[in-house]
Asker: 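Below is a structure I'd like to ask you about.
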Amino acid sequence: MKKTLIAAAIAALAGPALAEDFNLQSAFGGLPVLDPTAKRFVANVSALTGGEVNFNYLLAGELSPAFEIFDNVSVGAIDAAWSYAAYASGKEPAAALFGSVPFGGDPLSYVSWLNHGGGLELWRELYEPYKLVPMACGVILSEAGGWYTKPIESPEDLKGLNIRIGGLGGAILAKLGANAMSLPAGEVSTSLETGRLDATELSFPLVDKLLGFDKVAKHYYFPGWHQPAGFIEFYMNKDKWDALNDDQRTAIEVSCADANLYAMGIAAAAQSPILDEFRANGVEVKRFPNSVMDALRTAADEVYAEKSAEDEMFKRVIDSYRAFAASYNEYQALSSLD
């Protein structure tokens, strides 16, 4: 007891902790949902730490190109990131599974697996060699299936199609003969208009509207099989993370938990009015035919099997996700009112 009182007295004499400022580099521009969620996260961390931890939130490209953020935070050139895990899949194939799981479950099942099914532990193990501490910091609703300049009525219509899509979604479409391409978001509308691209996916309607896709492609397909749920990731250089005290680290984790709910909430009610705008502009909003979905699902299973055989960590992550999903889905099926 005496030692505790002495320590408290020394802390009081030392005065309040000095504020620390950290650069938080985003991989995104000022997009709907993502940008306000990031700003809310920054404000909450500052408030919960009494101004001791402040993140200087920077939009895409202000310090680093999106695909270089991972390396820059790893070496400590940037303190923390607001990004998308699939951007690191070139280094670690399993990283893609912490951005989205094609043909996976809904947002609730995804975040439940992460926090209660061992997902977060695997994610942190995956990033540990790079001296990064990751967590989900914004749960994203299902995306649209994509914009197409011509109708897709059968799996054969995907053959030879030039489509802007990355990660596991691109690998799955390639199985059906499509040409998956990576392009910056700012180049997509022009590429659709000039014929360089036949199709693209980007996000959900609220974000897609900003890029003007409805002006150059008139077939808008659902569901977003490639991303039925997604995570925005926050990660911090491990040395910087370890230098924080327990209360400060907890403040960041609590602020990310708040961001997960906030991002889902503001996105959920904002999509339908945009779909009405698209329809008024001559866009056909429709679902992929069952034959196309069946072919994509079969291709997804093949991709998962191949990548599991090639990469041990990928296998561990997808097996963990599937085991949790089986349990989750059983209860959901029993609880369904349909």
Asker: Got a second to check how far W241's CH2 is from L132's CG, nearest 0.5 Å?
Answerer: 12.5 Å
Asker: Work out which heavy atom in A259 is nearest to a heavy atom in T37; give both atom names and the distance.
Answerer: CB-CG2, 3.7 Å
Asker: Kindly assign one of parallel, tilted or perpendicular to the pair Y235 and F70, based on the angle between their ring planes and the thresholds 30° and 60°.
Answerer: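 Plane angle over 60°, so perpendicular.
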Asker: Could you go through V285 and R279, starting from their C-alpha distance and side-chain angles, then the distance that decides it, and tell me whether this counts as side chain to side chain contact (heavy atoms under 4.5 Å, CB included)?
Answerer: CA-CA 7 Å; V285 179; R279 291 187 182 102; 3.9 Å; yes
Asker: So which of Y148, F204, F278, F288 actually passes ring pair (Phe, Tyr, Trp, His ring centres under 6.0 Å) with Y220?
Answerer: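 Filter result, single survivor: F278.
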Asker: Side-chain contact test, heavy atoms from C-beta onward, threshold under 4.5 Å: evaluate it for R249 versus V133 and give yes or no.
Answerer: no
Asker: Taking all heavy atoms of G160 and all of N179, pick out the closest pair and write down the distance.
Answerer: O-ND2, 3.5 Å
Asker: Taking F22 as the fixed residue, which of N56, V45, V53, V42 is the one that meets the side chain to side chain contact (heavy atoms under 4.5 Å, CB included) rule?
Answerer: V53
Asker: Tell me, do K215 and N281 make a side-chain contact under 4.5 Å, heavy atoms counted?
Answerer: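 In short, these two side chains touch, coming nearer than 4.5 Å.
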Asker: Test your reading of the model: is there a side-chain donor-acceptor pair from Q248 to the backbone of N245, 3.5 Å cut-off?
Answerer: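 Between the backbone of N245 and the side chain of Q248 there is a qualifying donor-acceptor contact (under 3.5 Å).
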Asker: Testing the basics here: between I172 and P102, what is the closest heavy-atom pair and its distance to 0.1 Å?
Answerer: CD1-CB, 3.7 Å
Asker: Given side chains that start at C-beta, do those of V73 and Q25 come closer than 4.5 Å, heavy atoms only?
Answerer: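 Heavy-atom side-chain distance check fails, nothing below 4.5 Å.
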Asker: Quick one: does T298's side chain have a donor or acceptor within less than 3.5 Å of a partner on D294's backbone?
Answerer: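 Confirmed, T298 side chain pairs with D294 backbone.
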Asker: Is there a path of hydrophobic side-chain contacts, each under 4.5 Å between heavy atoms of I, L, V, M, F, W or Y residues, that connects I78 with L58?
Answerer: yes
Asker: Strictly distance-based, threshold 3.5 Å: is any side-chain N or O of E68 a donor or acceptor partner for the main-chain N or O of P65?
Answerer: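 No, because the side chain of E68 does not come within donor-acceptor range (under 3.5 Å) of the backbone of P65.
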Asker: Locate the shortest heavy-atom distance separating G105 from A229; write the atom from each residue and the value.
Answerer: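 Heavy atoms of G105 and A229 come nearest at O-CB, 3.8 Å.
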Asker: Would you mind reporting whether V101 and W113 have side-chain heavy atoms less than 4.5 Å apart?
Answerer: no
Asker: Quick one: are W123 and L120 in side-chain contact, heavy atoms under 4.5 Å?
Answerer: yes
Asker: Do M236 and F28 belong together in a cluster built from hydrophobic side chains that touch within less than 4.5 Å?
Answerer: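 M236 clusters together with F28.
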Asker: With rounding to the nearest 0.5 Å, note down the distance linking CD in E187 to OG1 in T200.
Answerer: 11.5 Å
Asker: Is S189 reaching over with its side chain to a backbone N or O of L211, donor-acceptor style, under 3.5 angstrom?
Answerer: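 Yes; at least one donor-acceptor contact below 3.5 Å.
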Asker: Going by atom types alone, do S74 and D71 pair a side-chain donor with an acceptor below 3.5 Å?
Answerer: no
Asker: Donor-acceptor pair, distance only, cut-off 3.5 Å: does the side chain of E52 make one with the backbone of E20?
Answerer: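 A pair under 3.5 Å: no.
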Asker: N72 versus L63: any side-chain heavy-atom pair under 4.5 Å?
Answerer: no
Asker: Would the distance check show the side chain of Q271 and the main-chain N or O of A267 forming a donor-acceptor pair, the cut-off being under 3.5 Å?
Answerer: yes
Asker: Measure the spacing between CD1 of I140 and CG of L34 and express it to the nearest 0.5 Å.
Answerer: 5.0 Å
Asker: May I have the step-by-step check of side chain to side chain contact (heavy atoms under 4.5 Å, CB included) for F213 and V207, ending in yes or no?
Answerer: CA-CA 10 Å; F213 296 156; V207 174; over 6 Å; no
Asker: Using the benzene-type ring in the case of Trp, are the ring centres of F231 and Y110 under 6.0 Å apart?
Answerer: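 Here the rings of Y110 and F231 have centres that are less than 6.0 Å from each other.
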Asker: Would you please test K175 and V303 for side chain to side chain contact (heavy atoms under 4.5 Å, CB included) and show each step?
Answerer: CA-CA 8 Å; K175 286 279 184 184; V303 168; 4.0 Å; yes
Asker: Applying salt bridge (Lys or Arg N to Asp or Glu O under 4.0 Å) to E125 and R316, what does each step give before you reach the verdict?
Answerer: CA-CA 11 Å; E125 181 182 342; R316 288 176 59 197; 2.8 Å; yes
Asker: More than 12 foreign heavy atoms under 6.0 Å from NZ of K286: is that the case here?
Answerer: yes
Asker: Any donor and acceptor pair, going by atom type alone, linking the side chain of S291 with main-chain N or O of P155 inside 3.5 Å?
Answerer: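 Absent.
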Asker: Please say whether more than 12 non-hydrogen atoms of neighbouring residues, nucleotides or ligands are located less than 6.0 Å from CZ in R322.
Answerer: yes
Asker: At their closest point, which heavy atom of Y84 faces which heavy atom of Q227, and how far apart are they?
Answerer: OH-OE1, 3.0 Å
Asker: Looking only at heavy atoms, which two atoms of G76 and K240 are closest? And how far apart?
Answerer: O-NZ, 3.7 Å
Asker: Quick one: do L168 and Y304 satisfy side chain to side chain contact (heavy atoms under 4.5 Å, CB included)? Show the steps, please.
Answerer: CA-CA 9 Å; L168 293 170; Y304 286 141; 4.1 Å; yes
Asker: Is there a side-chain hydrogen bond (donor to acceptor under 3.5 Å, both in side chains) between S109 and D106 once you walk through the steps?
Answerer: CA-CA 5 Å; S109 69; D106 60 18; 3.2 Å; yes
Asker: Can you tell me if Y87 uses its side chain to pair, donor with acceptor, with the backbone of I69 under 3.5 Å?
Answerer: no
Asker: Starting at CH2 of W225, measure out to CD of E201 and round the result to the nearest 0.5 Å.
Answerer: 8.5 Å
Asker: Hydrophobic clustering (ILVMFWY, side-chain heavy atoms < 4.5 Å, transitive) - are V216 and L202 grouped together?
Answerer: yes
Asker: Is the shortest distance from a Lys or Arg side-chain nitrogen in K39 or D35 to a carboxylate oxygen in the other one below 4.0 Å?
Answerer: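 Judged by the 4.0 Å cut-off on N to carboxylate O distance, K39 and D35 do form a salt bridge.
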Asker: Hey, quick one: are L108 and V139 part of the same hydrophobic cluster, counting side-chain heavy atoms closer than 4.5 Å, chains of contacts allowed?
Answerer: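 Per the 4.5 Å side-chain linkage, L108 and V139 are co-clustered.
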Asker: Is there a donor-acceptor contact under 3.5 Å from the side chain of K218 to the main chain of D214?
Answerer: yes
Asker: Spell out, as yes or no, whether a donor-acceptor pair under 3.5 Å connects the side chain of D79 to the backbone of N23.
Answerer: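 Confirmed, D79 side chain pairs with N23 backbone.
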Asker: Applying the 4.5 Å side-chain criterion to the ILVMFWY set and letting contacts propagate, would V254 and Y262 be lumped into a single cluster?
Answerer: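 No, separate clusters.
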Asker: Find the distance between CG (N260) and CG (N115) and round it off to the nearest 0.5 Å.
Answerer: 7.0 Å
Asker: Is it the case that more than 12 heavy atoms not belonging to E128 sit under 6.0 Å from its CD atom?
Answerer: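 No.
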Asker: Got I318 and K307 here, is their nearest side-chain heavy-atom distance under 4.5 Å?
Answerer: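 When only atoms from C-beta onward are counted, K307 and I318 do not touch, as no gap falls below 4.5 Å.
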Asker: Are the side chains of E233 and F98 in touch, meaning some heavy atoms are under 4.5 Å apart?
Answerer: no
Asker: Between V292, I152, D198, L176, which is the residue that forms a side chain to side chain contact (heavy atoms under 4.5 Å, CB included) with D157?
Answerer: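 Exactly one candidate clears the test, I152.
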Asker: A quick test of your reading: do over 12 heavy atoms of other residues, nucleotides or ligands sit less than 6.0 Å from NZ of K238?
Answerer: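 Check fails, neighbour count at 12 or below.
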Asker: To the nearest 0.5 Å, tell me how far L161 CG sits from K150 NZ.
Answerer: 5.5 Å
Asker: Pick out which of Y127, Y57, F41 makes a ring pair (Phe, Tyr, Trp, His ring centres under 6.0 Å) with F234.
Answerer: F41
